[in-house]
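Below is one structure, written out as structure tokens; the observations come after it.
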Amino acid sequence: MLQQRYERNIEERWQKTWDEEGTFRFDETDSTKPVYSIDTPPPFTSGELHMGHVLSYSFIDFIARYKRMQGFNVYYPQGWDSQGFPTEVKVEKKFGRLPPVQFREKCIEWTREFIARMRIQMQQMGFSPDWRFEYRTMEPDYHRKVQLSLIKMYADKLVYMSKYPVYWCPKCVSAIAKAELDDVEKDGTLNYIKFKGPDGADLVIATTRPELLHACIAVMFNPTDERYKSLEGGMITTPLGKEVPAIGDKDIDKEFGTGLVMLCTFGDKMDVVWMHRYKLRMIEGMDRYGKLLEAGEFTGKKADEAKKLILEKLDKEGKVVKKEPLKQSVKVHDRCGTGIELITSLQWFADIRTTAKNIKAMAERIGWVPDFGISYLIDWVESAEWDWVISRQRVFGTPLPFYYCEKCLATAAADSDNLPFYPEKARPKTCERCVTPMKPETSTCDVWVDSSITPLIISGWPDDEKRMQRLYPASLRPQGVEIVRTWAFYTIFRSGVALTGVPPWKQILLNGNVLATDGKKMSKSLGNIVSPSDLLRDYPADAIRQWAALSGAMAKDRPFSYEDIKYAKSFLGKVWNAARFVESSAKEDIRDAPALRMTDRWILGRLAVLTKECTEHLERFEYHYTMSKIQRFFWQDVCDNYLEYVKYRIYEGDDRAARYTLRKVMYDSIRLMAPFTPHISEEIYHELFGANESIQKAGWPDAGKEYKDDAARVSVLNEIVSQIRQHKSRNKLPQNAELESVRLSLPEDLDAELVSELKQISRVKNVVIVKGEFSVSAG
RNA sequence: GGGCCCAUAGUCGAUCGGUUAAGACGCCUGCUUGACAUGCAGGAGAUGCGCGGUUCGAUUCCGCGUGGGCCCACCA
């Protein structure tokens with residue numbers, strides 16, 4: 001018996017049953033069913049699922065469940081991106097600074113707890129990964145695989161160590177990659193400062209970073225600028241008394257400031273470009289903590305403090321002409337919000353410049369959904385100017401499996417038969433040139449290094465060749481559109497171009513972000529966050545999942561909608577009550593084909609069309625169309641019309657055709673819904689249809705006959721019934737009120753069956769038909 | 001400056017170029033009808049951003065403009 005209402009207890013029960021029965025297990029031994037494998041995103045282990053997770057994992061779950069019903073052997077693992085800076089911050093806050101090995105242990109402990117919490121939330125949403133294949137990037141075996149992948153790339157000269165200016169976060173005291181930068185609008189000051197020209201006359205230069213004066217190596221102007229043409233080849237004296245060359249360059253904006261630029265190593269990216277262009281000497285003006293180097297009396301001061309002090313000093317000397325407020329866009333570290341610097345240090349790089357062409361070519365061999373998604377990657381590849389900095393000066397990360405010689409900077413890879421590599425217990429190695437012990441690298445990998453081999457990890461690489469054959473490339477990579485230039489890009493580069501030569505997936509499906517109801521980004525400061533755990537208190541998982549399906553405009557951001565989710569909840573109520581109606585009126589299965597009536601064939605035809613459309617939409621990942629069509633069909637066609645049409649047959653007789661049709665429509669509907677609303681579908685499947693295994697194994701419905709003639713006849717019937725409903729509504733009559741007679745004016749006569757149905761459905765005693773324009777009047 | 005996406009009732013929003021432009025939320029009027037008042041029936045509410053073009057016919061296709069959003073570059 002179906003319980004009175006559809007409630008959370010039903011969902012919890014099914015989640016438990018699925019888990020106990022291993023309903024979602026990938027069958028490793030079955031070789032008959034085609035495999036559908038999903039390279040699921042490993043979420044960062046923050047401890048809390050957010051709406052973006054709910055959206056993207058729902059997208060994954062829909063396709064996994066649909067494919068299972070279609071007879072695929074679905075391989076749906078779930079991993080965790082478990083390492084990284086935010087965890088270090090939290091752990092340090094709680095336990096203080098600890099030696100690296102202990103610190104890492106605390107991080108692992110902490111992360112385990114967070115994973116457990118997130119896994120519960122995923123299960124509450126009804127997601128169906130095969131948890132036997134769970135992986136965590138912080139585990140030694142994962143480290144081993146990442147390290148092996150890097151050693152292979154090192155052997156192919158795709159990974160190297162070099163001293164080069166890199167983006168640097170002084171707070172994290174680590175190199176960071178271009179992809180980790182955010183732009184922030186800031187109120188800055190443009191300071192106009194006096195330099196001396198070759199002739200001894202004042203030259204005013206505008207700068208936002210006077211603290212870098214000591215690292216000034218040139219003064220730049222535009223060669224077409226009449227004011228400064230004569231400077232070419234001359235020497236300029238900085239306010240600190242240093243002489244630097246004046247250089248003309250076309251990239252200088254004549255309109256900005258005074259049209260002169262002081263070039264420092266390194267104020268920003270253009271400084272690096274210009275330094276190389278003119279082969280200038282580099283000054284290491286800043287250390288790892290953002291403190292000035294070789295800056296005379298300001299040495300050791302942090303940049304902000306030094307700026308103040310230098311300006312005060314120059315002011316006193318009368319060298320500051322004016323200060324102008326300026327709106328600046330400043331680059332900050334996306335994880336901690338600290339302003340980044342460019343500093344020179346020894347780092348490890350992966351070659352993305354010479355491989356860019358191959359990455360692009362491989363991306364083109366993958367099916368992008370939606371197709372314009374690839375443009376995000378291509379734009380990014382084409383603007384790649386620097387190689388990817390893969391080293392981070394962190395503790396909770398995968399150690400880079402390399403050694404280097406402090407004397408000659410020669411490098412060596414760790415032995416691939418002795419992985420995972422940890423620097424504190426590394427085998428000794430000797431530099432071949434200097435015959436001195438080499439230093440094991442203590443930097444860790446950028447977390448994208450970890451996550452860019454997930455398609456390999458889930459496919460058994462590098463240990464299980466047979467598994468690899470079966471599972472690689474993955475059928476699908478689902479992911480957020482905002483990480484195309486990181487996760488998708490790095491994965492195609494590493495798993496595809498560098499390690500296997502084969503694209504990592506056949507298709508990639510992109511989803512957008514969930515915005516707050518006001519259309520803005522969800523953020524703590526705006527207080528507009530909607531959280532899955534809050535929603536789960538008021539709405540069943542099957543309602544939240546429908547919301548996700550309805551948000552399905554791919555690769556597009558969409559505001560969260562309480563309207564959708566409320567509607568979804570009432571839809572569940574509708575389905576539930578319809579099922580209870582069927583349960584009370586047609587409990588028994590009917591196997592032989594009864595004599596169907598016009599309305600039966602009509603609804604079965606509608607069902608056939610719906611089934612065909614849903615299948616087509618799902619093949620294209622068009623969840624939004626699928627879900628809204630199911631909702632409309634079930635609510636309007638089935639409940640509002642068909643159910644009302646057959647009530648008289650159910651109540652007044654033992655009508656096999658009606659009972660057969662009701663069951664058939666119900667049975668196929670819950671199967672079509674099952675990828676989206678698995679819990680309610682499962683419950684009805686078991687209670688009403690007496691199933692003893694999961695609806696996941698019930699197969700995907702076949703589209704039956706369309707019955708086009710009956711569709712035409714019933715649309716006439718619908719129209720007349722609607723007119724009679726209007727008449728009752730206008731006359732304040734209940735819809736079940738009996739009418740003495742109805743007069744129909746119609747262009748064509750009605751057949752006897754239609755008239756008979758009409759009389760019963762609308763409770764009319766007499767129907768009079770006359771020829772003419774369509775109209776209905778009652779008396 | 002470059003690229004991409006978008007523009008439809010108060011709000012959200014709809015797959016082929018073809019009658020009266022879906023549907024949801026909200027609003028209004030009735031109905032406690034033997035699945036469901038978390039419901040049912042009905043109603044009001046849109047010059048489909050502007051201007052051109054293609055076409056027998058454009059909300060739909062194309063161009064330009066305007067206005068949003070996202071990404072990239074630059075910001076001395």
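So you know, we letter chains A, B, ... as the sequences are listed, proteins then strands, and number each from 1.
If you check the side chains of A/Glu757 and A/Tyr645, you find no donor sitting under 3.5 Å from an acceptor. For the residue pair A/Gln636/A/Tyr642, the side-chain donor-acceptor check at 3.5 Å is not satisfied. With no hydrogens or angles considered, a side-chain donor-acceptor pair links A/Tyr278 and A/Asp249 at under 3.5 Å. Using a 3.5 Å distance cut-off with no hydrogens or angles, the side chains of A/Tyr6 and A/Glu683 do not pair a donor with an acceptor. Side-chain contact annotation: A/Gln631 with A/Gln546, donor-acceptor N/O pair under 3.5 Å present.
Distance check on atom C1': B/C64 versus B/A21 gives 26 Å, rounded to whole Å. Separating the C1' atom of B/G23 from that of B/U8 is a span of 13 Å, rounded to the nearest Å. Nucleotides B/G26 and B/A9 have their C1' atoms positioned 12 Å apart, rounded to a whole Å. A distance of about 12 Å separates the P atoms of B/G65 and B/G3, rounded to the whole Å. Nucleotides B/A22 and B/G48 have their C1' atoms positioned 13 Å apart, rounded to a whole Å. The same atom, P, is picked in B/C6 and in B/G63; the two are 13 Å apart, to the nearest Å. Remark: the separation of the C1' atoms in B/A24 and B/G17 is 27 Å, to the nearest Å. Taking atom P on both nucleotides, B/C16 is separated from B/A7 by 13 Å, rounded to a whole Å.
Of the candidates B/C74, B/G42, B/C12, B/C74 carries the atom nearest the A/Met270 side chain, counting heavy atoms from C-beta on. Each of B/U33, B/G30, B/G3 was ranked by its minimum atom distance to the side chain of A/Asn736; first place goes to B/U33. Among B/C40, B/G3, B/C75, the nucleotide with an atom closest to any side-chain atom of A/Trp635 is B/C40. Minimum atom distance to the side chain of A/Ser729 is reached by B/A41, of the listed B/A41, B/U33, B/C75.
If A/Phe581 and A/Gln328 are placed on RNA chain B by their nearest nucleotide, the residue sitting closer to the 5' end is A/Phe581. Of the residues near RNA chain B, A/Lys269 and A/Gln726, the one whose nearest nucleotide (by heavy atom distance) lies more toward the 5' end is A/Gln726.
For A/Asn577 and B/G34, the CG to C1' distance is 14 Å, given to the nearest whole Å. We find that CG of A/Leu2 is positioned 13 Å from C1' of B/C36, with the value rounded to whole Å. Atom NZ of A/Lys728 is separated from atom P of B/U29 by 23 Å (rounded to the nearest Å). Protein atom CZ of A/Arg558 is 14 Å distant from nucleotide atom C1' of B/C6, rounded to whole Å. Spacing between atom CZ of A/Arg730 and atom C1' of B/G30 amounts to 12 Å, rounded to whole angstrom units. As a whole-Å value, the separation of A/Lys521 NZ from B/C70 C1' is 9 Å.
Applying the side chain to side chain donor-acceptor pair (under 3.5 Å) rule to A/Asp538 yields no partners; only residues at least two apart in sequence or on another chain are considered.
Taking the side chain as every heavy atom from C-beta outward, A/Tyr623 and A/Arg545 never approach each other to under 4.5 Å. Between A/Val330 and A/Asp183, the closest side-chain pair of non-hydrogen atoms is not below 4.5 Å.
The base of B/C4 does not come close enough to the side chain of A/Ser375 for any donor and acceptor atom to sit less than 3.5 Å apart.
A salt bridge does not link A/Arg606 to A/Glu706: none of the charged nitrogens lies less than 4.0 Å from a carboxylate oxygen.
Checking the phosphate oxygens (OP1, OP2) of B/C40, a side-chain nitrogen or oxygen of A/Lys574 falls inside 4.0 Å. For A/Trp380 and B/G3, the shortest distance from a side-chain N or O to OP1 or OP2 is not below 4.0 Å. OP1 or OP2 of B/G42 sits under 4.0 Å from a side-chain N or O of A/Ser722.
Helical stems involving RNA chain B, defined as 3 or more consecutive Watson-Crick or G-U pairs under 3.5 Å, span B:1-7 with B:66-72, B:10-12 with B:23-25, B:27-31 with B:39-43, B:49-53 with B:61-65.
Residue contacts for A/Asp640: at a heavy-atom cut-off of 4.0 Å it reaches the sugar-phosphate backbone alone, with no base atom in range. A/Lys629 comes within 4.0 angstrom of a nucleotide base, judged by non-hydrogen atoms across all strands. Using a 4.0 Å heavy-atom criterion, one finds that A/Asp268 contacts the sugar-phosphate atoms exclusively. Within 4.0 Å of A/Ile252, counting heavy atoms only, lies at least one base atom of the nucleic acid. Within 4.0 Å of A/Cys264, counting heavy atoms only, lies no atom of the nucleic acid at all. When heavy atoms are screened at a 4.0 angstrom cut-off, A/Ile205 is found touching no nucleic acid atom at all.
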Where do N or O atoms of nucleotides 18-26 of chain B meet protein N or O atoms at under 3.5 Å, pair by pair?
none

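For A/Trp547 and A/Phe560, the ring centers sit closer than 6.0 Å to each other.
Distance alone, capped at 3.5 Å, places no donor-acceptor pair between the A/Glu740 side chain and the A/Lys765 backbone.
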Exercise for the section: Under the side-chain contact (heavy atoms from CB on, under 4.5 Å) rule, what do A/Phe195 and A/Leu260 come out as? Steps first, then yes or no, please. Expected result: CA-CA 11 Å; A/Phe195 286 49; A/Leu260 289 173; over 6 Å; no
